[in-house]
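Take a look at the structure below.
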Amino acid sequence: MEETAQDPTRYDHNQIELKWHERWNNDPNLYKASDSTRPKYYVLEMLPYPSGSLHIGHLRVYAIGDALARYMWMRGHNVLHPMGWDAFGLPAENAAINNNRHPREWTQTNITQMKRQHRRMGFSYDWDLEISTCEPEYYRWNQWFFLKMLERGLAYRKRALLNWCPECGTVLANEQVIDGCCWRHESTPVEQRALEQWFWKITAYADELLRDIDEKLEGHWPDRVLAMQRNWIGRSEGSEIDFKLEGTGEPIRVFTTRVDTIYGATCVILAPEHPLAAQLLDENGRARAKQMIDGRAQKGPGDIEKDGHFTGHYAVNPYSGEKVPIWIGNFVLMGYGTGAIMAVPAHDERDFDFCKTYGIPIRPVIRPVDGVLDENPKAAFPDDGIVERSGEFSGLASGEARARMNKKAETEGFGKAAVTYRIKDWGISRQRYWGTPIPVIHCPKDGVVPVPEKDLPVVLPVDVQLTGKGRSPLADVAAFVNVKCPKCGGDARRETDTMDTFVDSSWYFYRYCDAHNSTAPFDSQKAAAWIPVDQYIGGVEHAILHLIYSRFFTKVMRDIGLIENSEPFKRLFTQGMVVKDGAKMSKSKGNVVSLDEMTERFGADTGRVFELFAAPPEKDMDWTDTGAEGAYRFLGRVFRFVVRNASRRPDGSPEADRRALRKLHQTIRKVTEDFDNRWHFNTSIAALMELINTLYDEEAGLSAAALDQILPSLALLLGPFAPYLAEELWEQLGRKGPVFRQPWPTYDEALTKEDAADIVLQVNGKVRGRLSVPFGTSEEELKKLALADPKVQPSIEGKQVVKVIVVPDKLVNIVVK
RNA sequence: GCCCGGGUGGCGAAACUGGCAGACGCAAGGGACUUAAAAUCCCUUAUUCCGCAAGGAGUGUGUGGGUUCAAGUCCCACCCCGGGCACCA
């Protein structure tokens, strides 16, 4: 490119942005939320993982959050807008294994890089509050929370079959298994392994987590996220009923939601892992059970066939006294309900399939409310109806029958009404290095002994051999493992598993409120001043993982007495993905546009404006370079208009002024409403484009007085979307910044009014003409004008006018026959 | 199978409470400026038909019905696409 003389009307994004970047960086208090006389507003984007460097796919969530933060400042709030790093995690460890770099060093390098990019984008973060979860100052509080959980009986250890990802070399929580595969390795099937693990009792809060969805979150969180959480918690009301093992009388407890069908139960089916199964089965049967368990662990994408095996034993139905066979079946899950079911083939599709296959009788006991009992059903009838052939309960409606049967079970002591949840306790142990050490010590004499609070943090050792193979690398670090028991002083071993990294992100937003506290995770009063987060923004992929863990943590913290609120996030917004060439941006797809490249070519402002303009923020958006050029042209047009007119003092014409000011006030209204109602920044930016188009049209006729109003307003309106350009224009207009501390412009409703009402004239709903009349013209008058209109005349001539609909200031529709 | 979204020009989209469908941008075409190009500025652009033209007539928001003076918007049935859950008893 050839050297050209400096043209002050050229929009040189690099020159402008680097100038302000420099100034902003030299002002550490610029974005400090220090004015507590203003109402608080806490806006937060989900904590990023420092994976390397940012690309334009990452940009979107921050562009949304920053626009909101700046707008809320301008609306007079004291805004908390922090940023930090979810710095523990597997990629760091894998980088260490593959490239022989220490996870800490790898992580630090990435943080430095990404922080530089965040700053270059001009986001309004208070970097003073920056946290990094891999620092002992942070993770010691994970350990502290662990001890609190232990004290309250919310942390426990048990041996269980767990999801093991061979690729990660560690176990996964249920929430981290997707389609039978690991959430990080989409094509790696998860294996079942029996391991001794730490669990947190999220099930103790299942009911409250569910209830607060309705009571506190509904209407403020996206429906689909709430639907996913409800589904995940999976509350189900039913009954637990004891069948008796024939011979010994040992109770076999089943869970059912349809106790009203129990007279139709023709067998009892146990999960193959059910403890009783091992007792009842012979050697051959146990082999079949093992087959079923293994077959299920390796289940591929498709369904598995129903498989069953008769134990040779019988159980007695407590209502009918009938003797039914006991089977094991691969479709009965040990982890849900009681791990045993009664099969009612006539009224449950799965039971129908199973019993059909094995020739077990099918006995209908429910008839449709307005029908008869189907004696030979071709398929299960799963609906509620009227109970038949059920002794004293015959003739009752299903619901009533359930209530009375539950009562009977309770009175006679063989069962009760019961609620079951799908959600299971959160397994937090991980057999990896780069995470928070679990603060307990195993003593041969005293068993599991918590590390005393005064000894926290248990610091992650630096010198560790990482292999990624099977067990925690910490187990091989003698200096770490070998300790004295805090209770008896004898030789003991440290726990070598680390915590799931979702622990780190479950409470970080509290830490921002008091980021440098060295005696507590945070000060309760400081947190109370900011929590709940007013607006949380992030990807929908965390709908059940992070967002349910954080809700759980908040409830526990409340019960500990740290805070008073029960929900962490008042409002949640989930932004759409950035798509390029029809696919989500990712390294493996090779469609990544680096943020640095984009910034160099177009500037941070253009990137932000385009990402907000191309689609409403909750929908996926397509990145195209030509689209970004459009956003760049728009900013250039604004820049040139302001620079050209900053020092002109023209006389102008009242008509041009009126048209331009009308557009200005309409735009202020539009952008304000978009912020306050639905965040459709695409239409806000479209409105700003319309404004600049009008200003170009009217430029020659504008007066100095009009310009004095228009130019500063333009800079302010641009502030949330293109902060660099806004600041530059503000300065060129001779104003003192920063823009985001100025009051948001207000509009005058009277000035937004058009001169005249544009009335559409329709005949039978078809547009035949239009009319310009003063606002408030009477219905009578409009009707008269419409009927007399020369454009309308031909369409009604010779026809009978049946009716005339008049919508004042809008439309007249003449109905003719 | 169940639960959420969604289907509008060549493309991304707008139309918020039923009242002119397609704002705004991209792409495309034309023009101005320029020796030329880039940049910039201006104009055209859903579609079919009639007309030399000014202009006019029709069609059009996944499909089929319905409600209404009036439907992208409301109701019923269905098709397609995306996401979530999926032997949860």
Side-chain angles (χ1 to χ4, degrees), chain A residues 1-2 4 7 9-11 178-179 222-228 230-232 234-236 238-239 254-258 261 269 296 299 303-306 329-333 335-344 347-351 353-354 382 420-423 540-541 543-544 579 610 613-616 618-631 633-634 636-637 640 670 673-674 677-678 680 682-693 696-697 758-767 769-770 791 794 802-807 810-816:
Chain A
M1 212 176 283
E2 83 183 273
T4 48
D7 173 5
T9 64
R10 190 174 138 252
Y11 174 47
I178 292 152
D179 286 335
D223 285 343
R224 61 175 172 153
V225 172
L226 297 182
M228 283 160 79
R230 279 191 192 101
N231 195 308
W232 187 258
R235 182 189 150 96
S236 177
S239 322
V254 303
F255 176 76
T256 177
T257 54
R258 291 299 303 275
T261 65
I269 311 174
R296 195 156 58 194
K299 79 165 173 190
D303 283 359
I304 22 170
E305 293 264 307
K306 284 204 174 47
N330 65 343
F331 72 102
V332 179
L333 307 172
Y336 183 77
T338 59
I341 64 161
M342 62 175 197
V344 184
H347 303 293
D348 181 283
E349 279 171 44
R350 296 154 301 180
D351 298 348
D353 282 356
F354 186 84
T420 267
Y421 296 91
R422 211 182 75 114
I423 192 171
V540 74
E541 65 272 17
I544 38 186
V579 166
F610 179 58
F613 172 69
E618 73 277 9
K619 282 180 63 177
D620 291 352
M621 61 112 16
D622 272 299
W623 178 277
T624 60
D625 286 359
T626 51
E629 279 168 24
R633 271 196 287 271
F634 160 62
R637 276 164 75 79
R640 284 187 296 277
K670 172 70 183 155
E673 284 174 357
D674 278 341
N677 300 335
R678 47 174 209 167
H680 276 200
N682 54 328
T683 59
S684 309
I685 291 168
L688 288 166
M689 287 171 169
E690 283 188 58
L691 172 61
I692 201 69
N693 291 347
Y696 269 60
D697 290 345
D758 198 18
I759 308 291
V760 174
L761 304 179
Q762 296 181 335
V763 177
N764 286 346
K766 288 196 164 81
V767 180
R770 55 195 69 232
K791 291 265 177 61
V802 179
K803 204 196 259 189
V804 180
I805 314 277
V806 181
V807 183
K810 266 197 176 152
L811 160 148
V812 179
N813 188 10
I814 302 165
V815 186
V816 296

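Just so it is clear, the structure is predicted and the values come from calculations on it, not from any experiment. The chains referred to below are lettered A, B, ... by the order of the sequence lines, with proteins before strands, and numbering in each begins at 1.
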Check nucleotides 24-27 of chain B against the protein and report each pair of N or O atoms closer than 3.5 Å, with its distance, or say if there are none.
unit_1 : atom_1 : unit_2   : atom_2 : d
B/G25  : OP1    : A/Asn693 : ND2    : 3.1
B/C26  : OP1    : A/Arg633 : NE     : 3.1
B/C26  : OP1    : A/Arg633 : NH2    : 2.7
B/C26  : O2'    : A/Thr626 : OG1    : 3.2

In whole Å, measure the gap between the [atom1] atoms of [N] and [M] for me.
| N | M | atom1 | result |
| --- | --- | --- | --- |
| B/C43 | B/G82 | C1' | 40 Å |
| B/G22 | B/G60 | C1' | 11 Å |
| B/G58 | B/A21 | P | 13 Å |
| B/C16 | B/U73 | C1' | 11 Å |
| B/G10 | B/U47 | C1' | 13 Å |
| B/G6 | B/A13 | C1' | 14 Å |
| B/A23 | B/C74 | C1' | 24 Å |
| B/G9 | B/A46 | P | 13 Å |

Tell me, please, which residues at least two apart from [X] pass side-chain contact (heavy atoms from CB on, under 4.5 Å).
| X | value |
| --- | --- |
| A/Lys766 | A/Arg768 |
| A/Val579 | A/Met577, A/Asp620, A/Asp622 |
| A/Ala543 | A/Val225, A/Met228, A/Val540 |

**Prompt:** Does A/Arg640 place a side-chain N or O at less than 4.0 Å from the phosphate oxygens OP1/OP2 of B/C41?
**Reply:**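 Looking at the OP1 and OP2 atoms of B/C41, one of them is under 4.0 Å from a side-chain N or O of A/Arg640.
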**Prompt:** Is any side-chain nitrogen or oxygen of A/Arg770 closer than 4.0 Å to OP1 or OP2 of B/G19?
**Reply:**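 So the side chain of A/Arg770 is outside the cut-off, no N or O lying under 4.0 Å from OP1 or OP2 of B/G19.
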Between protein and nucleic acid, restricted to nucleotides 43-49 of chain B and to nitrogen or oxygen atoms under 3.5 Å apart, what atom pairs and distances do you find?
none

List for me each residue that meets side chain to side chain donor-acceptor pair (under 3.5 Å) alongside [X], sequence neighbours excluded, and say none if there are none.
| X | answer |
| --- | --- |
| A/Ser239 | A/Asn406 |
| A/Tyr11 | none |
| A/Arg230 | A/Asp214, A/Glu218 |
| A/Asp353 | none |

For nucleotides 57-62 of chain B, give me every protein contact, N/O to N/O, under 3.5 Å, one pair per line with atom names.
unit_1 : atom_1 : unit_2   : atom_2 : d
B/G58  : OP2    : A/Arg768 : NH2    : 2.7

**Message:** Using O4'-C1'-N9-C4 for purines and O4'-C1'-N1-C2 for pyrimidines, with syn meaning within 90° of 0, is B/G9 syn or anti?
**Reply:**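 Classified syn.
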[X] side-chain proximity, nearest of [options]:
| X | options | answer |
| --- | --- | --- |
| A/Lys803 | B/C16, B/C69, B/G5 | B/C69 |
| A/Val332 | B/A89, B/C16, B/G19 | B/A89 |
| A/Ala227 | B/C3, B/G84, B/C41 | B/C3 |
| A/Pro616 | B/C41, B/C87, B/A14 | B/A14 |
| A/Ile805 | B/A14, B/A89, B/C69 | B/C69 |
| A/Tyr696 | B/G12, B/A14, B/C41 | B/C41 |
| A/Ser236 | B/A89, B/C69, B/A14 | B/A89 |

**RNA chain B stem ranges, 3 or more consecutive Watson-Crick or G-U pairs under 3.5 angstrom** =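 Stem list for RNA chain B: B:1-7 with B:79-85, B:10-12 with B:24-26, B:28-32 with B:40-44, B:46-50 with B:55-59, B:62-66 with B:74-78.
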**Prompt:** Base, sugar-phosphate, or nothing: which does A/Val540 touch, judged by heavy atoms less than 4.0 Å apart?
**Reply:**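 Touches nothing.
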**Message:** Need one value for A/Pro222: base, sugar-phosphate or nothing, where a base atom within 4.0 Å counts as base even if backbone is also close, heavy atoms only.
**Reply:**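 Here A/Pro222 touches no strand at all.
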**Asked** Excluding sequence neighbours, so at least two apart, what forms salt bridge (charged side-chain N to carboxylate O under 4.0 Å, His left out) with A/Asp697?
**Response**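 Partners of A/Asp697 by the salt bridge (charged side-chain N to carboxylate O under 4.0 Å, His left out) criterion come out as none, since no residue qualifies.
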